[in-house]
Protein chains: 2
Amino acid sequence: METSRKKPTIYDLAGLAGASPSAVSSVLNGTWQKRRISRSLAERVMRIAGEEGYAVNVQASLLRREKSNIVGMIIPKYDNRYFGRIAEEFETMARARGLFPVITCTRRDPELEFEAARELISYQAECLIATGATDPDRIASLCKSAGVQVINLDLPGALAPSVVSDNFTAAQQLTELILHKCDSDPGSGGALHFVGGRLSDHNTAMRLRGFLTAHESRGIAVPEHHILATGYSADRAASALERLGPAHPLGLFVNSTISLEGVIRWRSSLGAAQSRLRFGCFDWDPFGSFLPGNIGMVEQDVPRMLDRVFELMASRTLSSECQTVPCILRKFV
Amino acid sequence: METSRKKPTIYDLAGLAGASPSAVSSVLNGTWQKRRISRSLAERVMRIAGEEGYAVNVQASLLRREKSNIVGMIIPKYDNRYFGRIAEEFETMARARGLFPVITCTRRDPELEFEAARELISYQAECLIATGATDPDRIASLCKSAGVQVINLDLPGALAPSVVSDNFTAAQQLTELILHKCDSDPGSGGALHFVGGRLSDHNTAMRLRGFLTAHESRGIAVPEHHILATGYSADRAASALERLGPAHPLGLFVNSTISLEGVIRWRSSLGAAQSRLRFGCFDWDPFGSFLPGNIGMVEQDVPRMLDRVFELMASRTLSSECQTVPCILRKFV
DNA sequence: AGCAATTGCACAATCGATTGAGCAAAGCTC
DNA sequence: GAGCTTTGCTCAATCGATTGTGCAATTGCT
């Protein structure tokens, strides 16, 4: 309490400089020339502000200003390579544009997502990037009714523009790569298993479509029980694979790096048989290429996706288009 | 511009409810009972607020309130497992305490760290967690002169309380583990190489001390050229190891997971000789345990460190103590 | 009926920064 | 010297929410 009394305000500086608060404000916000304050007064005020350790109270400033320059992002995870990279690149790009980024991690909790969006609106964020939101349209409705621009990233919604990876094409390519490799391993042909993700979310659905399409083009039917939609949990991925018993898969499409953690754990329990397993993973991890049996990974093009996001932000578009960004297929054979 | 004109204020709601702005404010900030507003008016105001999509203007609110409840954190990276985890856990713990977390990624750029700290102070953050700051004392000075509590995390400073891992002990233990393993590999005895990090930063210095102490206790002298302080760059770690030519190390202490990326890349260039390499890594990665040749990793105890941070925050201590949190040694043999 | 206590508000000032408008002083031109 | 223009400020209102204080109406008690 006491410490907040000690923070100097423009009134304190005005007294020390022998000027008005208005002049002090003009100097400190950089508009002194436009408002015809003399250079000598400007220099005096700036010196005193430095000596007094003055910091503008942004909350007061924002109450009066037209633009907050705050851009908000909700994001499911930080401790995942892809989302961590999104967060980092987003901040860098926002700052380069003179914006103040505020990111909130929502852990794939719909209520927390909604609450975080409300908070960002209360903080006068001008735009909100809903990244990997479980219910993008609920958040879009909230933002629209508050007059705040919203953009979906990673998972699309119907009520706002979206930027997503081309999950279908990349998954198809990765599947073909795995199928091709398994074909050249004696006794390893046939349908792969698909493990990880939620069928209810767009990205898993698109990746599964790509997976199935690649099989179809080779005349391979994928039995329903080859689809293990275990959500985003290493434990559940490992458990589902364990439950397959000795008739375990020799070829896997792993959906998400969190599922890959479970797959790798399970694989190490196979003993000598583990050397016959082939897999590919959608998404990418820097250590992934060095894991034995991994023949490819799909990396989402984060810089390019974010370029699209900032273009949409600048254009203030009202359309609900969905822009698809190609992924990068990294082959390790 | 136009959209911001449409946001309802308490004055709009007051008109619709047939009440005063003061009553509306009391209802919406939850103090209506204390301020003796009737339940019927409270319910009417809440209903109208919901219908109108009202969101409090936090800037206005903070201008009048005593406490902002904002806690800030600066952090070097998001796309690193350890820091990503810190960010995620910090947010969760802050929210559980009714605080509003604001995190900024500063990419180990001293000027950006200072600027981000200034910004957080301007936003009326009550406390700032300087995580892995390159110049913690500069940030502490800034915060103190602004009357803002500051706590160092991961790297200690002299002017504020700090919470750091016990880098020395864990590095010693990991080194002993690697040395022991190398001793039982024919022809692999002798001093390990230490790769990664900056000698100027506390954590690297402590880890190096632990590394050297473990060697000393076995009567092994570590030649100066075994210390490859390549900073936090996979490329530089790989290059430094390549420059050792055919007389490459058989035992490595890898400092940081970013260095490990370089080490793994380099290792794959060794051909058949790679199977003789033994290494351990300080820090931890979920895929690390499955990388051939990796015999152990040190994991920093993020939840425990953050518990300490929140204790310090709550105690408003003025001391500059440095609290050390033990690490977890994960063995893969 | 009169007085005291309680209920249920409204009023007005405040918070710190911004900005439109106005005015005095200085300088320039005829 | 008079009038106009420019310079260099200051004043006062505003932004939206909060909060101390005060007062009218109602209720309860004697």
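Computed from a predicted model, the values in this text were never measured in an experiment. Side chains are part of it too, since the values below use all heavy atoms of this structure and drop only hydrogens, waters and symmetry mates.
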Could you work out which one of C:dA13, C:dA17, C:dG16 sits closest to the side chain of A:L63? C:dG16
Would you mind classifying the nucleic acid contact of A:V56 as base, sugar-phosphate or nothing, using non-hydrogen atoms under 4.0 angstrom? sugar-phosphate
Protein-nucleotide distance (B:N57, atom CG; C:dG16, atom P), rounded to Å: 16 Å
Short question: side chain of B:S122, backbone of A:V56 - any donor-acceptor pair under 3.5 Å? yes
On a heavy-atom basis, which atom in B:S319 and which in B:P161 lie closest, and how many Å separate them? O-CD, 3.2 Å
Side-chain donor/acceptor contact of A:R35 with base of C:dG20 under 3.5 Å: yes
Rounded to whole angstrom units, what separation is found between the CD atom of A:Q59 and the P atom of D:dT18? 13 Å
Any donor-acceptor N or O pair under 3.5 Å, side chains B:T134, B:E113: yes
Quick one: is C:dT18 close enough that its OP1 or OP2 comes under 4.0 Å of any side-chain N or O from A:Y11? no
Look only at the side chain of A:N80 and the backbone of A:I258, and say whether a donor-acceptor pair between them is shorter than 3.5 Å. no
Closest to the A:I10 side chain: D:dC15, C:dC15, C:dA17? C:dA17
Answer yes or no: side-chain N or O of B:R65 and base N or O of D:dT18 forming a donor-acceptor pair under 3.5 Å. no
Using a 4.0 Å heavy-atom cut-off, does A:T9 contact any base of the nucleic acid, only the sugar-phosphate backbone, or nothing at all? sugar-phosphate
With a 4.5 Å heavy-atom cut-off, do A:Y123 and B:V102 have their side chains touching? no
Under 4.0 Å between any heavy atoms, over every strand shown, what does B:L41 touch: base, sugar-phosphate, or nothing? Just pick one. sugar-phosphate
C:dT19 base / A:S22 side chain donor-acceptor hit below 3.5 Å: yes
Rounded to whole Å, the CG-P distance (B:N29 to D:dT19) equals 7 Å
Here the distance between atom P of C:dT18 and atom CG of A:L13, to the nearest Å, is 12 Å
In whole Å, what is the span from the CD1 atom of A:I37 to the C1' atom of C:dT19? 12 Å
Nearest-Å distance for atom pair CD/C1', residues A:Q124 and C:dA17: 15 Å
Answer with base, sugar-phosphate or nothing: what part of the nucleic acid does B:S61 contact at a heavy-atom distance below 4.0 Å? sugar-phosphate
Side chain of B:A60: nearest nucleotide among D:dC23, C:dA17, D:dA17? D:dA17
In whole Å, I'd like the distance from the CG atom of B:L62 to the P atom of C:dA17. 14 Å
For C:dA17 and A:Y54 - does any side-chain N or O of the residue sit under 4.0 Å from the phosphate oxygens OP1/OP2? yes
Compare side-chain N and O positions of A:S25 against OP1 and OP2 of C:dA17 and report whether any pair is under 4.0 Å apart. no
Please tell me if B:S38 has a side-chain N or O lying less than 4.0 Å from either OP1 or OP2 of C:dG8. no
Rounded to whole Å, CZ of A:R36 lies from P of C:dG22 at a distance of 13 Å
